[in-house]
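From a predicted model like this one, the values you see are computed outputs, not experimental measurements. To find a chain, count down the sequence lines: A is the first, B the second, and so on, and within it residues start at 1.
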Amino acid sequence: MTHSIAVPATSLPATAYRLWRGADPIRKVAILIGVMLVVLAIFAPLIAPFDPNAQSLISRLRPPLGFERAKEGYLLGTDELGRDVLSRSLHGLQLTLMLAGLGATLGLLFGGTLGLLAGVVGGRTEATVMAAVDTQIAVPFTLVALFLLAILGSSIEVIVLVLGLAGWEQYARIVRGEVRRLMNMPFIEAARAAGAGPLRIARHHLLPNIVSPLVVQFTLSLSNIVLLESTLSFLGLGVQPPTATLGAMVGIGRDYMPSAPWIVVAPAMMILFITFAVQILGDWLRDGADVKLRAR
Amino acid sequence: MLSYALRTLTRMAITFFVIVTVVFFATRLSGNAVDFVVGDGITSEDRELLISYYELDRPLFTQYLAFLKSFTDGQFGLSFIERRPVSDIVLERIWPSAQLLLAAMTLTLLVSIPLGIVAAIWRDSWIGSAVMMVAFLGYAVPNFVLAVLMMLIFSYWLNWLPVVGNGTALHFIMPTIAMAGVLIAALTRFTRNAMLDVLGQDFMRTARAKGLSEGHVIIKHGLRNAGITILSVIGLQVAGIAAAGSVVIEAIFSWPGIGDLLVSAAVRRDYPVLQFGVLTVALAVIVINALVDLAYAWADPRLRHTVKGGN
Amino acid sequence: MTRSPLLTLENLSLSFGSHNAVRDLSFDIARGETLALVGESGSGKSATALAILRLIEREGGRIDGGRIVLHGTPTLELSTLSDRQMQQVRGNRVSMIFQEPMTALNPVMPLGEQVAEVMRLHQGLGTDAARLAARDALARVKIPEPDRRLDQFPHELSGGLRQRVMIAMALACRPDLLIADEPTTALDVTTQAEILALMRQLQDEIGMAVLFITHDMGVVASLAERVVVLKSGMKVEEGGVEDVFLRPRAAYTRTLMAATPKLGSGAPKPLRSAKAPVLAVENLAVRFAVRRGLRRGADLDYHAVNDVSFSIAPGETLGLVGESGCGKSTLARAVMRLIAPSGGRIRLEGQDITHLGGAEMQSLRQRVQMVFQDPFASLNPRMPVVDLITEPAHIHARLSRRARRALAAELLEKVGLEPDAADRFPHQFSGGQRQRLCIARALSVRPALILADEAVSALDVSVARQITDLMGRLQAEDGVSFLFISHDIAVVERVSHRIAVMWAGQIVETGRTEDVLHNPQHPYTQRLLSAIPVPDPSRRKGLQPELAAPTPPGLLLPTGQQPPEAVMVRVAEDHFVAAQDGIESLLLAIPPQLPQAKEHDDVSAPAVRETQHC
Amino acid sequence: QEITVGAANVSDYLDPGRDHSNVGSQFYYNSFDTLIGKNHDKLDAEWQPALATEWTLVEPKVMELKLREGVVFHNGEPMTADDVVFSLNRMYQADFPPYVVRSRDRLSNFVKAEKVDDFTVRISVEKEEPLWETLLNLQQVMIIPEEYTKGLTGDPQVAEHDDFEAFSLAPVGTGPYRVAEFIPGERVVYERFDDFWGETAPLARATVRQVPETASRVTALKTGEADIVTNIAPDQLAMIETDPNLRTVGSATPLFHVMIMNVNHPELRDPRIRQAMSLAIDRDLLNEALWLGKAVVPSTHTLEEFGELYMPELTTFEYDPERARALLEEAGYDGAEIVYTSFPTYYTNGLLAAQAITEMWQEVGINAKVDVQDKWTGGDPEMMARNWSNPMYFSDPFGSFGVMWAPHGPSEGEGRFNTDAEYADIWERFRFSSDTKARKVAYAELMDRIKQDPPVLPLYRPYESWAMRKDVNWSPKPGHIPYVLDFRAGSISFASN
Ligand SMILES: Nc1ncnc2c1ncn2[C@@H]1O[C@H](COP(=O)(O)OP(=O)(O)OP(=O)(O)O)[C@@H](O)[C@H]1O
Ligand SMILES: Nc1ncnc2c1ncn2[C@@H]1O[C@H](COP(=O)(O)OP(=O)(O)OP(=O)(O)O)[C@@H](O)[C@H]1O
Ligand SMILES: [Mg+2]
Ligand SMILES: [Mg+2]
């Protein structure tokens, strides 16, 4: 039997479309930028003029075209190992978006599941989960990341894991709070009265109603993760060189900000655009998802 | 009320204990301190010698007990690296960090609450959007980029502001702004949302029906309610964001703070410092959160009396 | 009688976006007069009120045309004033009280401050003077212990008291015009009666005019001098209250009158069935753990339902009445096993279900269904109607998609909704339609018993009428039994074979509908009946409930203690009344009393009670 | 005059005895003295009286030193033979583990110091010592006060471990500056010590402050918050030079950045593979690109500072990618991944070099990868290759190559280098021959061993730079070990303008 999960009229595409129509120009521009970045990321290998890791030690630190000493073909100049900044930025964009997407998803799954569990089961389970949340809140995440990277090494997988764990407690808190709120809603009781078991309630009645706060949190954590990744790189704990991520490029390139700023400008701008677009999207979805505001 | 306080305390204690334990074992799991403490190029017998000197050869559980016991002597052991009591090291670093955090928080509140209110009131006009755009900018720039950028402009080129340490009030300007950037973005957005929630409430209409001016309605009735919601996140989110930010900011501005200390202790596996440092920070966060909770309960009359006795 | 107009509305048109909420509305209100603005939900009543205070722009609306003139010194054309000028009018010359007493007060500001604020603003009082004035204002609305209230917060007061505070606030500056937008809809009848009495009394004292917005014709009949009837934003009728009630001219007014339930217009004949009851409840009790302290003795339990016994025969409707918070919903939920009873027994079609486990209980759920109190909240907002209303059936029978569609269509037809409703979501329906969805959902498994919890309380009269008619039809066709929960006794009368009156967690009186209503025995029942406003201006009576409220037993008790047990005393055939031990004999001795007997005429202030547990 | 130095790193403790880090070397010379001094203006060793005024070999294995009279420690105590004996024996007969380690790798030939009279001490060694002066000029045997140290904790009569731990926070020496304030990892404040036995210090006060971020250090120099800043990467030099108020100085520091290889790693056991790894690296290109040509690329493990033992003529290491390819082929290299581990930031250009090296390896067909690790992995059997540095702890091949690659020395001790009896034998000749020629021959033999079965490749002498205000005259002196911040008389002055 096929289970077509209800697609509410408030589903994401519908909401997005409704919002797009009612959006002011600034938001439209921001969203267009976001879309453009994603497209750039997807086609990075095709667009990038060079191998992002190909070094050319003799032409290190060349400024972008149009400046003195610029190197033919290297639009945005070269970095400290003579690699093409443009190509690295594009590949970095791809990897960063991927890391952020995976990380945010992981956090969502992990935190969301725990939160759901806490909210639905209650009692001891809830107390345990919430104690873990409290603990996480009390320990700065940078340190958690440091430990994890130290224990597990800083391969891409581990970094995704670490980034995914960042903010799990937010998901858990949100989901648990929503679940608790929803569990008190008469429609849940109505479902129980209809004979629905816990699984059915979770899947058909709770989840669809938690989706929109989760989507908002998801967008938030996307941009958080992009920033976190750059912080890790700043601390020398990010993705291993020579692999380019935006965070790594900025984190490592910071020493060159006074002397060769072009190394940092492109990736930093990309980070700025990503987080900017994502933030606006999240804010926007929040407005869209807010029933109270919509009633107006 | 008493039982509430007791429950809160118990919960804090449990959280604390969990953190103590996790931190202890996490530090041991994350590599042998000897590799970091004594560094490179020693023979294996010397290595053994140092391992036993640093008491790292004792069974893990014994170390754990010793660690717990070190809570009682007021010094919390000797730093592997700095060779002085951990309590001295950590305590000396806490105050500068707290100062910075306080400054950043003050700036954040001063900026983001008015901004959030403006953004909420004019949510449909360009003003609201513009405010949010500016706020989002704060979120969008990695704080170290902002810090270095400011440093280049205001110190390197203009030579207006000092960059090293925390000596004078001038020293606070750039670190505070760099640290507050993200916080402002977060809190502005939060204030706006809380304010939007409040703006739609019935009692706001009541207040207007009384003939109160719009400003009065917004500040006295709106902000007072939104403030409670805002308060509840300050403890939760802000602490985390600030802790993450301080690491980077402190490094860049050579701020003798705890964030910098913890990272270097973690990197060098200076267990005693790391353990006690994390605990201190955790304790601070826990206490701040508990205070925020209390303030929250105090500010929200609905929570002031959890249960009113029967008649 | 020369009417000097205080407020004149001329050809007022209002809109929200592209939606015209009010068109071409004209009427006026004389000084000291009470004008009732009635009409179905969404007809533009609130919009009109908001327009007068010029708050409509704030809510996203607009005045498209027409004038609003406030006569007096000075005469003002409200529709053209600036916001700043309006601030002088609001709360000062025109003030307003709103429907929801909880949410209309600022939850985090002391009550005294909320009242004093108005005084400071409009009367230029200093802080201390304003506080004193606020205290007096509270005293004027007969709030007990006004001094203490100054520093309390809204949540510490019962709904009735909160509404009094609202009134105190509105009347603080002795306005010329008070707009009351459904001020009592959220309150139960007895409290409503107290509030209405108070408003009337204050109106006499202050001499202000009142624009009273409601859809309760009973309230209109007992309060208003003139009536304006709105339908879809248009005035359909205007006139003196007697004219409108007795000689309605507009068709809509006539429908409205017809739909209005009138107490005493007859109940269904009692059933004489020998069949075994569908539901039998014996000594049911429900406790909530309210506080769990560290010490043993500190635990408190709230005894929401105590020692309740009743039964329902097949095809029978038992009406369960009682004021808000008395435990009606809790009782229903316990019967459904949605909450675990702490004592007693529940038998469904003969089977004891008190302690059935999850799986066994699930299969029984199709025999008993519940229609929940709040129709919107009990429908999952993210589920399309087709899934919503067939969910119980689906859970029990695993229907295919096609079967679900077919079933949905059938159910929708049964409750009188269009088949295309199946693909919509709850928020796309009106309140009445949502209530029908809830009923449709209950019907999807052909239950033997439906627990209808305040199934019509949130609806306006005409819609409520449709729902009760629908229920009657179902009962006639399928022989469904109902437990019909409401605090609106007029509605209950119309549908119930028998009535049980609940008060403070107990059933205090039960019997055939006629018997209970015409010969109420328990003091609470008597008070309840006397408080019901009669939708007939000619039978207008004193607005205050004529009987003092009996003192309820405390229900919040340390764990282990039990509330006093009441004994049901038979006073007539099938008619039982609860009696405390002491008065039991007394009660039995006293001959039946008629509610019309006016023995308490001189008792003025109704006893006000704080209900802190609602 | 007062100055502030913005340093990339400030020590976590200050004890010349236990320390031999590049960070620590910056600090000791200002506050401590050795018995035998050195003319640091010269590259070649020219020994000078310091705390000892004369020294003579009274027996082949015993040296007698006359101590300078009137020397006062910073705490006011006069220096006597007791202090000297205490200072020396804390290393020679070490039982405080951190001292044991340092003593073992460079002072193991020293048996004891004894007091003869208040101003005469005798030092005895196990084997005849060709490097007497050199090893008495070591940072590790700088003189500290006995009574003060013993009295720091516990029993004032006994030198407990805790006394030494405490000393490292409150160091006291005889040098021209006393440490007035020391916050580990944050700052060291020197104050002129007026009772110094030698020429009075030129600065009234010098603060060395840790400013870890490069950009911050450069900015601090611009804002005037620092007068001198350390560790300027070559890439930043041009930018600083454009400022008319600033200048930079630098030198190829007597230290090698090296690449070490684990000879015992299963994939690297065949020396030809390691030779190939070595031959594939174009160190001149690294120098050209990363150091702007200012570093010095050696052909063998030798430094000019070695004096007579300086042997630039040896070609132990060279760049020959063709041979590298051939050797790989010969050895049957199977394309196994070879990981080059690098500290993230510790060495200037370290990570860049690591990335460039892996690229060069790939060029010759080595499947190379960079792995960034915060920790020291030299003792990890999994380690294949990594960056390290080999400072010149004292100006002799023994003070550089010798400390690290001795039989049973640190490298062998960590299991990534093997020696045999023959190696030990050559080593013995190199270490203890009294004839410099013989030592030279032996060292060349060692180099040949290294060439045949390479565990290490010295990449270059890095070019370390300092930047300062234009009016500050300071530069690293050729006679010092690396990184010393020498503020003694004659080392720093100010242009008057
Ligand atoms: N803020 C708003 N935005 C858009 N439409 C609104 C708004 N407020 C009310 N409306 C619409 O205006 C019409 C009149 O609403 P109004 O609130 O005046 O009705 P009412 O007669 O007071 O109904 P009720 O008895 O339910 O309170 C309705 O159709 C309603 O849907
Ligand atoms: N989960 C609970 N925990 C504690 N007290 C509860 C709980 N649920 C209900 N109560 C209390 O039990 C009492 C009865 O509530 P119930 O909802 O049954 O009243 P009701 O008669 O249905 O009122 P209304 O007419 O307002 O719906 C109330 O005082 C309520 O506060
Ligand atoms: Mg209304
Ligand atoms: Mg109810």
Side-chain angles (χ1 to χ4, degrees), chain B residues 30-36 38-54 78-85 88-89 92-93 144 147-148 151-152 154-165 167 171 248 250-254 256 260-261 264 266-270, chain D residues 4 6 11-13 15 18 20-21 96-98 100-102 104-105 161-162 164-169 183-187 209-213 215-226 344 373-380 388-390 403-404 406 408-415:
Chain B
S30 64
N32 194 333
V34 172
D35 291 335
F36 301 89
V38 296
D40 49 354
I42 51 166
T43 63
S44 43
E45 52 191 327
D46 287 346
R47 194 181 147 91
E48 293 307 315
L49 184 69
L50 288 168
I51 287 180
S52 83
Y53 178 64
Y54 289 114
L78 209 59
S79 157
F80 283 171
I81 295 188
E82 293 190 13
R83 313 314 300 153
R84 53 184 182 141
D88 288 3
I89 300 177
E92 161 185 301
R93 297 288 195 123
F144 60 90
V148 176
M151 192 167 83
L152 289 181
F154 297 107
S155 303
Y156 191 84
W157 286 318
L158 299 174
N159 203 353
W160 288 351
L161 298 172
V163 290
V164 178
H171 282 96
V248 169
E250 286 172 7
I252 291 179
F253 293 102
S254 314
D260 195 29
L261 175 78
S264 68
V267 166
R268 303 187 293 184
R269 303 301 187 283
D270 192 347
Chain D
T4 302
S11 284
D12 298 309
Y13 58 86
D15 178 351
R18 72 194 290 181
H20 78 158
S21 67
F96 178 51
V100 174
V101 177
R102 290 288 80 84
R104 193 135 47 193
D105 66 14
H161 291 352
D162 280 354
F164 295 123
E165 294 286 12
F167 181 85
S168 66
L169 288 175
I183 303 176
E186 198 178 320
R187 69 170 159 243
R209 187 143 188 3
Q210 174 159 314
V211 183
E213 285 292 304
S216 310
R217 277 201 303 285
V218 175
T219 307
L221 187 62
K222 281 277 255 197
T223 60
E225 286 170 90
Q373 288 277 347
D374 251 318
K375 64 175 175 200
W376 171 242
T377 56
D380 182 349
W388 199 18
S389 75
N390 192 171
V403 170
M404 301 299 189
H408 311 294
S411 293
E412 185 166 24
E414 289 188 325

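Put simply, CD on D/E186 and CD on B/E92 are 6.0 Å apart, with the number rounded to the nearest 0.5 Å. Rounded to the nearest 0.5 Å, atoms CZ (B/R93) and CD1 (D/I183) are 8.5 Å apart. The distance from the OH atom of B/Y53 to the NE2 atom of D/H161 is 6.0 Å, given to the nearest 0.5 Å. In this structure, the separation between OG1 on D/T219 and CE on B/M151 is 3.5 Å, given to the nearest 0.5 Å.
In terms of modelled atom types and a separation under 3.5 Å, the side chain of D/E225 and the main chain of B/V163 share a donor-acceptor contact. Of the possible donor and acceptor atoms, one in the side chain of D/S216 sits under 3.5 Å from a partner among the backbone N and O of B/I252.
Heavy atoms closer than 4.5 Å to chain B are found in the side chain of D/R209, but not in its backbone. Proximity to chain B involves both the backbone and the side chain of D/T223, based on heavy atoms less than 4.5 angstrom apart. Interface remark: B/L158 contributes no atoms to any contact with chain D (heavy atom separation under 4.5 Å). Heavy-atom distances place the side chain of D/R18, and not its backbone, under 4.5 Å from chain B.
Contacts with chain B were tallied for D/A226, D/G6, D/S21, D/P98; D/P98 has the most, counting heavy-atom pairs under 4.5 Å. Counting heavy-atom pairs closer than 4.5 Å to chain B, the top-ranked of the candidates D/S11, D/P410, D/G378 is D/P410. With respect to chain B, the highest number of heavy-atom pairs below 4.5 Å among D/G224, D/G413, D/P184 belongs to D/P184. Chosen from B/L161, B/V164, B/L261, the residue pairing most often with chain D at heavy-atom distances under 4.5 Å is B/V164.
A pairwise comparison of heavy atoms in B/A251 and D/P212 identifies O-CG, 3.5 Å as the closest pair.
In this structure the side chain of B/W157 never reaches within 4.5 angstrom of the side chain of D/K222, judged on heavy atoms.
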Quiz item: Would B/L49 and D/R104 count as a side-chain contact (heavy atoms from CB on, under 4.5 Å) if you check the C-alpha gap in whole Å, the side-chain angles of each, and the deciding distance to 0.1 Å?
Solution: CA-CA 12 Å; B/L49 184 69; D/R104 193 135 47 193; 4.3 Å; yes
